Every structure is written in structure tokens, then in C-alpha cells.
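The first residue in the sequence is number 1, and the count goes up from there. It should be emphasised that the depicted structure is a prediction, and the values quoted were computed from it without experimental measurement.
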Amino acid sequence: MVAVLGDLRDNRDLAVLAGGSGVAGLGAQLTLIGFTTELAGSGAFAVAGLFVAVAFGAVLGTPLAGWALDRVPHRLLLVVAVFAQVLLPVGLLFGYQRPPVLYGLVALLGLCGAVVWTCASALVPVAVGEDGAARGHAVLSSARNAGSVAGIVLGGVIAAGPGVQWAVMLDAVCAFTHLALVVVWLRADRDPRRDDGGAAAPGGQWSGWVLLRSDRLLLGRVVAQAVVGVAVAIALVNQVFLVLGPIGGNEFTYGAVLACWSAGLLLGANLTRRVTTTRGLVAAFAAANLVLALALAAPARLPHLVVTAVAWLVAGACGSVQNVTLNGLVEARTSDAVRGRVVATAGAVTTCSGVVGLLVAGVVVGAAGPLSALTAASGFALVAALMAVLAVLRRDHLRASAVTPDPDRAPDRQGTLVAGSGRWTPRGR
């Protein structure tokens with residue numbers, strides 16, 4: 001924590017990006033928790049539909065952000081997306097009682113959130129330099145998770161008291177604060193038309209999917225992330241029914257339990273700060289999924305408030321390890337010129353898996369109940385762990401990445417793999 005505060009004190013741009021991410025996480029959770037408890041009485045499919053709307057927006061927003069980041073100055077794109085986040089809660093205030101309006105606007109919020117997060121992540125190396133990018137991403141993730149913890153706790157209090165309208169209004173205030181931070185204090189920027197020498201729009205053969213598919217380790221890692229994403233989606237949709245049902249809690253209890261998950265995200269981000277090698281990143285992912293499988297299985301066997309809170313704390317830490325190690329692997333095996341497209345494609349794949357998980361969660365919870373849903377989620381986490389173990393046994397981490405720093409040429413094998421980093425460095429560059 002001291003190191004994180006030091007990073008923020010020494011770099012104003014990183015402080016603005018982290019502060020904005022924290023405020024955005026706070027506002028997003030206020031709205032999500034408010035409408036989750038509002039729809040809980042309508043059944044599992046109503047709650048799953050809310051999460052599907054958010055995830056569907058993110059599915060659209062992630063590749064859109066990747067496309068835009070190759071063509072538009074990053075700071076300008078961030079300002080436009082945050083401004084949209086200011087306006088959308090106003091529409092929710094007047095139309096949330098009509099389900100099509102509610103789901104549609106929530107989907108747009110998910111889209112804008114994906115664009116904002118992708119822009120902020122892309123600006124981290126600009127703000128701190130390539131050498132400090134891994135540390136900067138950890139700071140950004142920690143700030144967002146801290147905001148989410150506060151938003152979840154406050155959202156539970158508001159849902160049990162003043163009501164969802166106050167949660168949405170506070171979300172709008174958070175978005176406006178984020179906009180002010182970016183407009184007034186953020187100076188870091190990157191213009192792909194200038195910085196990439198006009199190579200912002202490569203040919204179709206170098207689309208994000210082709211780039212991702214050319215790296216066996218990275219592709220397998222993204223697929224494993226998609227599998228465990230189903231487990232996380234089932235757990236998150238299921239928890240409101242677990243808390244209000246077998247555990248016998250209320251709206252405040254639900255918020256407190258969900259806050260344990262977000263608190264675990266903070267813990268997990270700090271645990272992985274020192275993992276830098278490719279093999280270490282894959283091994284950490286495998287270990288996190290094994291622990292996650294056990295954490296999800298525990299409340300299914302013993303549905304008690306304390307057991308669930310501890311399990312959610314551990315599960316949140318595992319989820320953070322999964323996300324940070326994926327970012328680290330992409331950072332290690334892609335170049336600056338193509339990284340945005342790879343990140344966007346990986347994000348779209350994992351988000352689509354989340355949508356599938358949400359649909360599965362609605363079916364499982366509605367048909368078999370919250371305890372069986374947790375058992376199914378544990379199974380998905382175990383499969384993802386086995387996939388990562390298989391990648392290590394096949395020594396995929398020793399294979400050079402085929403993603404060349406030059407997006408207009410195919411890799412020519414004339415290069416070296418920097419020891420311990422997993423980076424592919426062409427000779428003569």
C-alpha cells in the first residue's frame with residue numbers, strides 16, 4: 001500500500017488515471033447493486049438479464065475501443081466516453097421502471113465503461129513509461145477495486161434505505177468527478193496517427209484475432225480465462241439468491257458479502273506484483289483457479305455467512321490474480337504497435353464468455369438453486385486450472401511469440417526471446 005501511494009505521489013498522470021478509475025468503480029457498483037436488489041424479487045432471469053446487459057455492452061465496447069485507439073488520440077477518446085457516462089444515469093433516473101429502457105441504458109453504461117477502462121489502460125505506459133507499465137497497471141487495478149469495494153458497501157446501504165434513485169444520482173456525480181479529473185489534470189496522451197507513423201490501420205491479416213491466434217500460449221491463456229469467466233459469472237449472479245435465500249440475509253448483508261469479493265481483488269493485485277516471468281504468470285493463473293474452485297465449493301457445502309464471506313474474499317483475490325497475470329502475459333508477448341488490438345480481442349473473448357456464464361447462471365439458479373450453481377461454477381474453475389497446467393507441461397512458455405512489432409510484416413523468425421521476460425525481440429531493431 002505504501003508503494004502504491006508513492007507511485008501516485010510521484011506521478012500526477014497516474015494519480016489522475018487511478019483516481020478516475022476508483023471513482024468510476026464506485027459509481028458503477030452503486031448503480032449495479034441498486035438494480036440487482038431492485039430486480040431480485042423478479043427472479044433469477046431478471047437479475048441475470050441485468051448482468052447480461054452490462055456484459056453485452058462491454059462485448060461491444062472492448063473491440064470498439066481497440067479500433068478507436070488505433071485512430072483517435074487516447075485522451076480525447078477517454079473524455080468522450082466519460083462524458084457519456086455522465087449523461088446515461090440521467091436517462092436511467094427517468095426510465096428505469098420500463099425494462100427495455102433499463103436494460104438498454106445499462107448496456108450503454110457497460111459499453112462506455114469498457115471504452116474508459118481500455119483507454120486508461122492504454123495511457124498507463126504513456127504516463128509511467130514501458131518499464132513501469134506492470135506496476136502502473138497494478139496501481140490502476142487496485143484503485144478500481146478499492147472504488148468498487150466502497151461502491152458495493154455504500155450501494156447495499158442505499159438499497160436498504162433511500163432507494164435506487166439515490167444510487168443512480170450518486171453514480172452521475174461520480175462520473176462528473178471523473179470527467180473533471182481527466183479534463184483539468186490529465187496531460188498524458190498518445191496520438192496513434194503521429195506516434196505509430198501512420199500505421200494505425202494495418203491490413204486485415206493483422207487483425208486482433210489473427211494476432212492472438214498466432215501465439216499458442218496467449219491463445220490458450222485467453223481461452224482458459226474465458227472458461228473461468230463462466231465460473232465467476234455464475235458466482236456473481238448467484239450470490240444475491242445465496243445471501244437472501246439459504247443464508248437468510250438482507251440487502252445490506254448482500255452488499256457486505258459482495259464487498260468481500262472486491263476486497264479480495266485488492267489483495268490479489270498486490271500478490272502478483274512481483275510475478276514477471278512468462279512461466280510464473282501461467283503458474284500463478286493455474287494456482288489461482290485451483291484455489292478458486294475450492295472457495296466456490298465451500299459455501300455450496302456449508303451455506304453460512306462467515307464461510308461465504310471468507311470464500312468470497314479468497315475468490316476475489318483469485319480473480320485479481322487471473323486478470324493481472326493475463327495483462328502481464330499480453331504485455332510480455334506483444335509489441336506497442338499491436339498491443340491495443342490484442343487487448344481488445346482478448347477482452348471481447350473473455351467478456352463473451354461472461355455473457356454465456358450469465359445465461360448459464362440464470363438457468364442453473366432457476367432450475368437447481370443457488371447451492372448447485374456454486375458447484376457448477378467450481379467445476380468451470382477447475383477446468384481452467386487444468387488448461388493452464390497443461391500449457392506449462394507442454395512448455396508453451398518457452399515458445400517465441402509470433403506477434404511481430406511490425407504490424408505490416410509477418411514474423412521472419414530472425415529474433416531472440418529475452419530471457420525471463422517472454423518478449424520476442426527481432427534482431428536489428
What distance do [X] atom [atom1] and [Y] atom [atom2] have between them, rounded to the nearest 0.5 Å?
X: R221; Y: Q225; atom1: CZ; atom2: CD; value: 4.5 Å
X: E38; Y: Q97; atom1: CD; atom2: CD; value: 8.5 Å
X: Y254; Y: L244; atom1: OH; atom2: CG; value: 8.5 Å
X: C112; Y: L105; atom1: SG; atom2: CG; value: 10.5 Å
X: N289; Y: M387; atom1: CG; atom2: CE; value: 10.0 Å
X: L64; Y: L69; atom1: CG; atom2: CG; value: 9.0 Å

Checking L265 against R144 for the side chain to side chain contact (heavy atoms under 4.5 Å, CB included) test, could you report, in this order, the C-alpha distance in whole Å, the side-chain angles of both residues, the deciding distance, and whether it holds? CA-CA 10 Å; L265 291 173; R144 184 175 69 165; over 6 Å; no

Quick one: does [X]'s side chain get under 4.5 Å of [Y]'s, heavy atoms only?
X: F35; Y: L102; value: yes
X: L123; Y: D13; value: no
X: V126; Y: H74; value: no
X: T31; Y: L170; value: no
X: V101; Y: F94; value: no
X: V168; Y: Y96; value: no
X: L78; Y: W117; value: no
X: F51; Y: L32; value: yes

Checking N323 against S141 for the side chain to side chain contact (heavy atoms under 4.5 Å, CB included) test, could you report, in this order, the C-alpha distance in whole Å, the side-chain angles of both residues, the deciding distance, and whether it holds? CA-CA 9 Å; N323 295 331; S141 179; 6.0 Å; no

Is a side-chain N or O of [X] found less than 3.5 angstrom from the main chain of [Y], in a donor-acceptor match?
X: N238; Y: P370; result: yes
X: T37; Y: G34; result: yes
X: D70; Y: P192; result: no
X: S378; Y: A293; result: yes

What are the two closest non-hydrogen atoms of [X] and [Y], and how far apart are they?
X: V157; Y: P162; answer: O-CD, 4.0 Å
X: S21; Y: L140; answer: OG-CD1, 3.2 Å
X: G155; Y: I33; answer: C-CG2, 3.6 Å
X: L281; Y: L329; answer: CD1-N, 3.6 Å
X: V115; Y: A81; answer: CG1-CB, 3.8 Å
X: L296; Y: A235; answer: CD2-CB, 3.8 Å

Could you walk me through whether D191 and R75 satisfy the side chain to side chain contact (heavy atoms under 4.5 Å, CB included) test, starting with their C-alpha distance in whole Å, then the side-chain angles of each, then the deciding distance to 0.1 Å, before giving a yes or no? CA-CA 9 Å; D191 189 342; R75 182 176 178 274; over 6 Å; no

Inspect the surroundings of CZ in F56 and state if more than 12 heavy atoms from other residues, nucleotides or ligands are less than 6.0 Å away.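 For F56, atom CZ is not crowded (no more than 12 foreign heavy atoms under 6.0 Å).
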
Scan the side chains in residues 177-187 for donor-acceptor partners under 3.5 Å anywhere in the protein, sequence neighbours excluded, and list what turns up.
residue	atom	partner	partner atom	Å
T177	OG1	V173	O	2.9
R187	NH1	V184	O	3.4
R187	NH2	V184	O	3.1

Show the atom names and distances, to 0.1 Å, of all donor-acceptor pairs under 3.5 Å that link a side chain in residues 312-319 to residues at least two apart or in another chain.
residue	atom	partner	partner atom	Å
W312	NE1	Q239	OE1	2.2

Run the side-chain hydrogen bond (donor to acceptor under 3.5 Å, both in side chains) test on D171 and Q85 for me, step by step, so that the C-alpha distance in whole Å, both residues' side-chain angles and the decisive distance to 0.1 Å come before the verdict. CA-CA 9 Å; D171 186 6; Q85 288 182 317; over 6 Å; no

Tell me, with the steps shown, if L242 and L374 meet side chain to side chain contact (heavy atoms under 4.5 Å, CB included). CA-CA 9 Å; L242 177 69; L374 282 178; 3.8 Å; yes

